[in-house]
Amino acid sequence: MSETEADKDKSQLRQKRMIADHFAALARAKAEGKKVVYTFVPGNVTELLGALELLPVLPEINALQSGMRKKSAGYIAEAEKSGHSEDVCTYVKCDLGMLKSGNFGPTGEKLPEPDLLLLSYTGCFTFMKWFELLKQEYDCPVVMLHVPYQTDGVISADMRKYIVDQLEREVIPALEKVAGKKLDREELSRRLALSARAEEDLVAVWESARHKPSPIDGYFGGVYYVGPIFSSFRGSEDAALYYQELRAEIEERVRLGKGPVTPDGDMGEEKYRLVVEGPPNWTSFYDFWRMFSREGATVVASTYTRVGGLYDNGFRHDPKKPLESLADYCLGCYTNLGLPTRLDLLERYIKDYAADGFLINSVKSCNSFSVGQLLMLRKLEERTGVPGGFIESDLVDPRYFGKANIENRVQSFLQVLAARKKSGGGPLPTREKRVALPIVGGGS
Amino acid sequence: MSDPASSVVSRAAALVEDRTLPAVRAWKEAHPDGLVVGYLPIYVPRPLIEAMGALPVAVFGGGDAIDIIRGDSYFQSYICHIPRSTVELGLCGDLDALDAVLFPSICDVIRNLGGMWRMLFPDKLSLYVDLPQNFDMAVGGKFYVHEMQRIAGELVKRGAKPLEPEALRQAIARENTRRAAIAELDLLRRTEPWRVKASEAYLVIRAGATLPAAEHEAMVREFLAAVRQREARPVDNVRVVLVGSFCEQPPFDLIRALERSGCDIVDDDFQLGLRMIDGDIPGDDDPIEALSRAYLERGRDTASRYIGDLVKGAGLIGRVKASHADGVIFAAASFCDPALLDQPMLEHALTKAGVPHTSFKFAENTGQFQVIREQAGAFSDAVKLWGAAS
């Protein structure tokens, strides 16, 4: 991103301030008698927490920030030393290692212990084990919100009711008990209205990528855009203002015909438009981004940026149906969708955003994303006639980010796209018959 | 004197080893209108399927019996083995007899495999079974009843008989008697492990994967009667509980290797689905509600089931005590998230309770057992000599 404060857009400065304020509030929480709830990104019910003045902590965010701050390797080693398998999710191990190392957050301040663990079981089985593990470490209650899986891409009345019943009978009473007060339903609705405003603006930002050149990078840049809405700020005035400002800034970029901001400033010529499936690697995030931005490759849409909420299918939080819309939000998170639905969405992105190719970054830690991606690769190529690339890395374990291998792979993939552009495209040979795009791992 | 159990064990082994599902094909010939419904581990409500005139068939992957050629090309190296061999079996036609496959909510891999199955075999019915993680009958129980009704509705669309309460009551009763027979076998293993080896019991129970409940019950009872006639004397082995193998199954020879290393496996979670519910399911007025309640209130604790307010490891320690075991062996499949994430918590609980334990990982097609045998042997010796392994 931009190097100096002066270079930063208004929205960036606001986001930076929001994050700093939140961690400062967490650091003061115990002294001020504020209650803290640990919860997860997908299927979070942040508006409920906000309405009860509870402060959220998101362990995945801590883990990814540890990855970006180059601390995850040590934390993972710490967890593995204490008996955690090398086979399992590195977000979990990074979080446990951070806990064992003093639980210092990204600002260097100690994170407060939770007063409640709110286990939103949405799209990822590992979440359940993660909080069972944390339950061993903290003397606090756990409340579970089990979100059924949307196998068919359809939300049934039974699914919705199951979630609403859990919210009414278990989650809200548990939150009220910790907060020491009753939920103000009007305040909840007010926050949901703010969420819907932010969601509307975020979708406009996503859809700006239909322009050529795209004014945004919907994956590397996109992870910044989803920061407020995925984490502790959905339903706040700050978040609504952030997305209003971001939208205006992006619309200005469209007007000026600018491409996205990259780690090296504004991107030059847009040579390739890509759709990306799978989370990014956080330990070498900027190196990874530059592999694309320096080659003129822009990601016009990605699925990772829908993992904490899928809004470009039309869903918005509804202040008139607060609990029902929280249920629908949880059900609609990307990894809670069946593989055929995920495939449909990717196909739509490739077509709607006129992508030249799609890339799957398959991360070792996340079976929820990864299982089925090799089949998705084949099916997407068949359906769209657009070439796919496949690389392997990990979320926060640097042992699984082989920079040279991945860079080589990305460059080969982009060369294929360049050759296709030069030759005017044409049908793809079936993957079984091709040798040009072997599936190789990026691990070292 | 010949072994009185050899005949039934041979029949069981033949059923387990023939991956082309001969018993299922025979059943289908005898029931041309009946559906065959496969299911992945751990648990689905089998009586629901039988009540609809269908045959539930447990699918445990290909074990060590097949070479994985196409299946590997669908999975990254860091995914466990059972989905690879299951896809391989599907692609090479060995599972053609299955009209539908159920994928229960055990982990992200099995769940996503269900989505893959839809794409790979669009003509076959593929259904996800969302087992509740909320154990309040008015919330999770109600959801599970609806889930079973949804599954029943989908099976009817494929030609199964509509679900009738009386048929379901009878199917539950048949399942109860089958589980009672398995419980009797489990009890015998705990009280006289020298009379019945875990490996034999494994085969006899696993043979039930492809049999109707009543036929399987008869086989288990035949085996029980036969082993009781054996002339057997106690052996000075270490008694162990084995956990972690509830989904992907270890190679049969690995179980034998553990036995040869001096361990009597007196309790385990192999093919847990058949033993998922403790005790009989009552023949309530509303049998589908009874199935739901049984799962919620008497489902066995395992890694894919939310622990709630219970104490992690308490169930395992209870089983160690009930079986008078000397120690615990953790045998999890490589890359099995539920088992491997659960393991440190269980190990902690065992250590705190002073129960010796050891662990290793396997894949269903692991071919070398020497290291595991030596490890289990050392564990067994340590327990015998000092009463603790470490």
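- With no hydrogens or angles considered, no side-chain donor-acceptor pair links B/N112 and A/N367 at under 3.5 Å.
- Of the charged side-chain nitrogens involved, at least one lies within less than 4.0 Å of a carboxylate oxygen, so that B/D342 and A/K129 count as a salt-bridged pair.
- For a residue to count as touching a neighbouring chain, one of its non-hydrogen atoms must lie under 4.5 Å from one of that chain's; by this rule A/Q136 touches chain B with the side chain only.
- Looking only at distances, a side-chain donor or acceptor of B/Q76 sits under 3.5 Å from a matching main-chain atom of A/S370.
- When each of B/G114, B/P338, B/S334 is checked for heavy-atom pairs under 4.5 Å with chain A, B/P338 comes out on top.
- Of the two parts of A/K135, only the side chain, counted from C-beta on, holds a non-hydrogen atom closer than 4.5 Å to a non-hydrogen atom of chain B.
- For B/A332, no part lies under 4.5 angstrom from a heavy atom of chain A.
- Comparing A/G338, A/P340, A/C89 by how many heavy-atom pairs each has under 4.5 Å with chain B, the most go to A/P340.
- For B/R70, no part lies near chain A; criterion is any non-hydrogen pair under 4.5 Å.
- In this pair, A/H146 and B/F143 present their aromatic rings perpendicular. The plane angle is above 60°, beyond the 30 to 60° band.
- Residue B/P132 touches chain A through both its backbone and its side chain, counting heavy-atom pairs closer than 4.5 Å.
- Rounding to the nearest 0.5 angstrom, the gap separating the CD atom in A/Q166 from the CG atom in B/N134 is 4.5 Å.
- Judged by distance alone, the side chain of B/D130 and the main-chain N or O of A/Y149 form a donor-acceptor pair under 3.5 Å.
- With a 4.5 Å cut-off on side-chain heavy atoms, A/D158 and B/Q149 do not count as touching.
- B/I110 does not touch chain A: none of its heavy atoms, backbone or side chain, sits under 4.5 Å away.
- At a threshold of 4.5 Å between non-hydrogen side-chain atoms, the residues B/D108 and A/F369 do not count as touching.
- If you measure heavy-atom distances from A/V363 to chain B, the contacts under 4.5 Å come from the backbone alone.
- Side-chain atoms of B/Y78 and A/S362 include a donor-acceptor pair closer than 3.5 Å.
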Step by step, work out the side chain to side chain donor-acceptor pair (under 3.5 Å) result for A/S368 and B/R111.
CA-CA 9 Å; A/S368 182; B/R111 183 196 66 196; 3.1 Å; yes
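- For a residue to count as touching a neighbouring chain, one of its non-hydrogen atoms must lie under 4.5 Å from one of that chain's; by this rule B/S126 does not touch chain A.
- Two residues are said to be in side-chain contact when any heavy atoms from C-beta on lie closer than 4.5 Å; A/V92 and B/L341 meet this criterion.
- The contact between B/I106 and chain A is made entirely by backbone atoms, counting heavy-atom distances below 4.5 Å.
- Neither the backbone nor the side chain of A/C366 has a heavy atom closer than 4.5 Å to any heavy atom of chain B.
- Salt bridge B/K361/A/D87: present, at least one basic N to carboxylate O contact under 4.0 Å.
- With contacts defined as side-chain heavy-atom distances shorter than 4.5 Å, the pair B/L340/A/E86 does not qualify.
- In this structure, the portions of B/I307 lying under 4.5 Å from any heavy atom of chain A include both its backbone and its side chain.
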